[in-house]
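To find a chain, count down the sequence lines: A is the first, B the second, and so on, and within it residues start at 1. Only this structure's heavy atoms are used, side chains among them; waters, hydrogens and symmetry mates stay out.
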Amino acid sequence: MTGAGKNDMSLQAGEAGQASPTSTARQASQASQVGQAAGARGRAARRPQPRHRRPPKRRRLLQSAGLVAMGCGVLTTALGMGGWALTGQHTGLDQPGQAGQAGRAGQVPVPPGLTVHAPGGASQRQVPSPVRLIIPAIGVSTRLIRLGITSNHTLQVPASAALAGWFTGSPRPGAVGASIIAGHIDSYSGPGVFFRLRELHRGQGISVTRANGSVARFRIIAVRTYAKDRFPTATVYGPVPDPELRLVTCGGQFDYATGSYLSNIVISAVLVR
Amino acid sequence: MKANAKFARIYRLFGLAALMLGLLAGAAPASASSGSGWLRLAHLSPNTPPVDVYLYSFHNSKALIVVPHVAYGTISDYQKVPAGEYTVAMRAAGAAASSPPVISATVNVTPGAAYTVVGLGPAKELELRVLADRLTTPKGKALVRIIQASLRQHRVTVRAGHSLIARDVAFASVTHYKVVSPGTWNVSAAGRTEHTSSTITLAAGTIHTIVVLDDPGDIRLDDLVDAAGSKIAPAGAPATGFGGTASRPGHSDLPWAALVGAGVLISFAGYRRVRRPVGAHAMGTRGPSATV
């Protein structure tokens, strides 16, 4: 602390010395002990400022340049973020033949064609038709609509990406056989009802509420991904001897040339008795 | 009377199903679905008293499960079991587990296949048969086979509407599967002195076993759905996505990130230029000695 005290004193001494030339020799020797820095600081503080400023004209010019740069920077940032967001969102507007349908959030076109409803089997008479699908693990609770087959023999898909549908050509959930429920992974603009289907794994539960309020509970036994060009229709739609449930959606890479995903995700579950 | 018999049968069925579940809990922990098959058990010998059914995994002397008091006409649901060899043995109801079985059979369950192990024939000639059950149908068709388990009517002819399914099926025999046109049919079974009929829907893509059974008063039909699939398998893969959440192939976020980064840098530089205080400039960027 003594050093700091000396320093303070020497600063006072220095100022006093410059203000009044009658400083003592003792004060001068004290000031010399703490070096020149304090004295220099004292001089700098009193130096007239304008001498070291840039000429006002140049300064204004530099400031204007800064403003312009700042504006350009903000613009560039905005441009970058906008472009990033747009390409990340994929509006689908660049897809050929689909421009007219884009922009209707949650609404996707139904392929045209006759919907086929086949009569229910004897074993299905006791099992009411399904009305709601609940998958607690991924927070899905959706009304089930009816799906048939389109005129080009493909599976009809729900008109809304927010709903799943039961294929009426398949057994009712809870009856013997593989019951098919299909839903969209996404619409043109965002996630669909089965967006998180890929997160499911073996052992997790799925419930189907039937028209009479009864609930069929299923347990997942397999989560599989199939390439669309090798989709195993016989395995997915073919007969099985016990009551099963198959949830079908899309997955994998999206092919912008065809406007279609390249894979399907199929969740298989068996009835818990 | 008929209703009572039916309830008794349903009751027995439930018992068998429940016990089969017990079997599964013990025998099939976490078996992969690809490595398992299906098995169901049936007692279709009319004059054989109720039996206790034992199921052993092969070369294991301890039964995986014992299903007590299985009576004529009882057919269990299919149960998924790990692929492998099993022995099914029947003992008279209440007989000691150590006593020699009345009859036994070995079934080799291959992955993805389904089997019915059925006690057939008169009590004196009881046999335990392993039936391989079909799991595929011709496109748009149904499959039907007949198990003739009526002792009172030795030969039975079965028709769906006017079309013949099987003629003069002998007691204790099992027909091959027959391809039938899908539809809801009046399925009739006629023996020499007794006959019965039942409305049965044979949907496309379904496989049925129709059992002819002795029942008090008359023969009757039991329709079992061996397996069921979609009536029509839709073509191709379902179009269940429109790309709204897809990442663009070959698309990289890097150029946009670079642009944003550059923008932020330029903005910052401009900001500093505009806001730089003059005194701070003199003090901060040049040493005191340089200003002297």
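- A pairwise comparison of heavy atoms in B/Lys80 and A/Ile221 identifies NZ-CD1, 3.3 Å as the closest pair.
- Checked against B/Pro238 for a side chain to side chain contact (heavy atoms under 4.5 Å, CB included), the options A/Thr249, A/Leu147, A/Asn264, A/Thr154 give a single hit: A/Asn264.
- For A/Tyr237, the parts lying under 4.5 angstrom from a heavy atom of chain B are both the backbone and the side chain.
- Residues A/Pro239 and B/Gly205 share a closest heavy-atom pair of CG-O, 3.5 Å.
- Of the atoms belonging to B/Ala233, heavy atoms from both backbone and side chain fall under 4.5 Å from chain A.
- For chain B, no part of A/Tyr226 is nearby; none of its heavy atoms comes within less than 4.5 Å.
- Proximity of A/Ile180 to B/Ser230: side-chain heavy atoms (C-beta onward) are separated by under 4.5 Å at one or more points.
- Here A/Thr168 contributes atom OG1 and B/Ile232 contributes atom CD1; the two are 9.0 Å apart, rounded to the nearest 0.5 Å.
- Between A/Val157 and B/Ala239, the shortest heavy-atom contact is CG1-O, 3.4 Å.
- With hydrogens and angles ignored, the 3.5 Å screen pairs no side-chain donor or acceptor of A/Asp186 with any backbone N or O of B/Gly241.
- Neither the backbone nor the side chain of A/Val236 has a heavy atom closer than 4.5 Å to any heavy atom of chain B.
- For B/Leu135, the parts sitting under 4.5 Å from any heavy atom of chain A are the backbone and the side chain alike.
- In this structure the side chain of B/Pro234 never reaches within 4.5 angstrom of the side chain of A/Thr233, judged on heavy atoms.
- Residues B/Trp38 and A/Asp242 form a side-chain contact, since some pair of their non-hydrogen atoms from C-beta on lies under 4.5 Å apart.
- The structure places OG1 of B/Thr245 at 5.0 Å from CD1 of A/Ile185, a figure rounded to the nearest 0.5 Å.
- No other option in A/Ser179, A/Gly238, A/Pro241, A/Gly192 has as many heavy-atom pairs under 4.5 Å with chain B as A/Pro241.
- Smallest separation of non-hydrogen atoms from A/His184 and B/Phe242: CE1-CE1, 3.1 Å.
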